[in-house]
Amino acid sequence: QPQLVESGGALVQPGGSLRLSCTASGFSLGYFAIGWFRQAPGKEREGVSCISTQDGSTNYADSVKGRFTASRDNAKNTVYLHMNNLKPEDTGVYYCAVQYGNNYCSGYDRNKYGYWGQGTQVTVSS
């Protein structure tokens, strides 16, 4: 059964850093684009980053550019989201998902993503 599992969420102070992991089982990430999304309480799920595990190309939402970096380790079947200079507005549940039908990032339409993980909570607060 193909599955994605996120981990690494935590409570962190503003200005702090975290690294989230998204590990696949039952299939290889090496042929897909993987999106990172987040959902804050009372808000819709929004895309924050995408990485093509085929060539490593990345894309970021304007709200996280310069602070978040996506990376991949195909040997570990894992993608990462490195988050620096975290702000309270970064708080939410972070999810990863596989983009259907395209090995390269092409936006954050949630209908084009699947195999959603269970999410990991990130809380940025003093």
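- A donor-acceptor contact closer than 3.5 angstrom is absent between the side chains of Thr120 and Ser7.
- Using a 4.5 Å heavy-atom cutoff, the side chains of Asn74 and Tyr31 are not in contact.
- With sequence neighbours excluded, the residues that form a side-chain hydrogen bond (donor to acceptor under 3.5 Å, both in side chains) with Tyr113 are Gln99.
- Here the OG atom belonging to Ser52 is positioned 5.5 Å from the OH atom belonging to Tyr104, to the nearest 0.5 angstrom.
- Side-chain rings of Trp116 and Phe37 approach one another, their centers coming within less than 6.0 Å.
- Judged as a side-chain contact (heavy atoms from CB on, under 4.5 Å), and not counting sequence neighbours, the contacts of Ser126 are Pro14.
- With sequence neighbours left out, the side-chain contact (heavy atoms from CB on, under 4.5 Å) criterion links Val122 to Leu18, Leu20, Met83, Tyr94, Val124.
- Contacts of Lys65 classified as side-chain hydrogen bond (donor to acceptor under 3.5 Å, both in side chains), with partners at least two apart in sequence or in another chain: Asp62.
- Atoms OG1 and CD, from Thr91 and Gln39 in turn, are 13.5 Å apart once rounded to the nearest 0.5 Å.
- Under the 4.5 Å side-chain criterion, counting only non-hydrogen atoms from C-beta, Tyr60 is not in contact with Val48.
- Within the model, atoms OG1 of Thr58 and CD1 of Ile34 stand 14.0 Å from one another, a figure rounded to the nearest 0.5 Å.
- With sequence neighbours excluded, no residue satisfies ring pair (Phe, Tyr, Trp, His ring centres under 6.0 Å) with Tyr80.
- Residue pairs that meet the side-chain hydrogen bond (donor to acceptor under 3.5 Å, both in side chains) test with at least one member in residues 11-22, sequence neighbours left out, are Ser17-Asn84.
- With sequence neighbours excluded, no residue forms a side-chain hydrogen bond (donor to acceptor under 3.5 Å, both in side chains) with Asn77.
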Quick one: do Ser57 and Ile51 satisfy side-chain contact (heavy atoms from CB on, under 4.5 Å)? Show the steps, please.
CA-CA 6 Å; Ser57 58; Ile51 181 167; over 6 Å; no

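- The minimum heavy-atom distance linking Val93 with Gln121 is given by the pair CG2-OE1, 3.2 Å.
- Proximity of Gln118 to Val5: side-chain heavy atoms (C-beta onward) are separated by under 4.5 Å at one or more points.
- At most 12 heavy atoms of other shown residues, nucleotides or ligands fall within 6.0 angstrom of atom CD in Glu44.
- Residues passing the side-chain hydrogen bond (donor to acceptor under 3.5 Å, both in side chains) test with Ser28: none are found, sequence neighbours excluded.
- Closest approach of Arg72 to Gly56, counting heavy atoms only: NH1-CA, 3.0 Å.
- Take Asn103 and apply the side-chain contact (heavy atoms from CB on, under 4.5 Å) test, not counting sequence neighbours, and it matches Gln54.
- Legend: disulfide (SG to SG under 2.5 Å) pairs involving residues 61-126, not counting sequence neighbours, sorted by first then second residue: Cys22-Cys96, Cys50-Cys105.
- Among all heavy-atom pairs drawn from Ser49 and Leu81, the shortest one is CB-CD1, 3.9 Å.
- Proximity of Thr123 to Val12: side-chain heavy atoms (C-beta onward) are nowhere separated by under 4.5 Å.
- Between Tyr100 and Asn111, the side chains place no donor N or O within less than 3.5 Å of an acceptor N or O (distance only, hydrogens not considered).
- Considering NZ of Lys87 and OG of Ser63, their distance stands at 8.5 Å, rounded to 0.5 Å.
- Side-chain contact check for Ser125 versus Leu11: some heavy-atom pair is nearer than 4.5 Å.
- Each salt bridge (charged side-chain N to carboxylate O under 4.0 Å, His left out) pair with one or both residues in residues 29-40, not counting sequence neighbours, appears once here: Arg38-Glu46, Arg38-Asp90.
- Residues passing the side-chain contact (heavy atoms from CB on, under 4.5 Å) test with Phe27, sequence neighbours excluded: Pro2, Leu4, Ala24, Leu29, Phe32, Val98.
- Between the OH atom in Tyr95 and the CH2 atom in Trp36 there is a gap of 12.0 Å [rounded to 0.5 Å].
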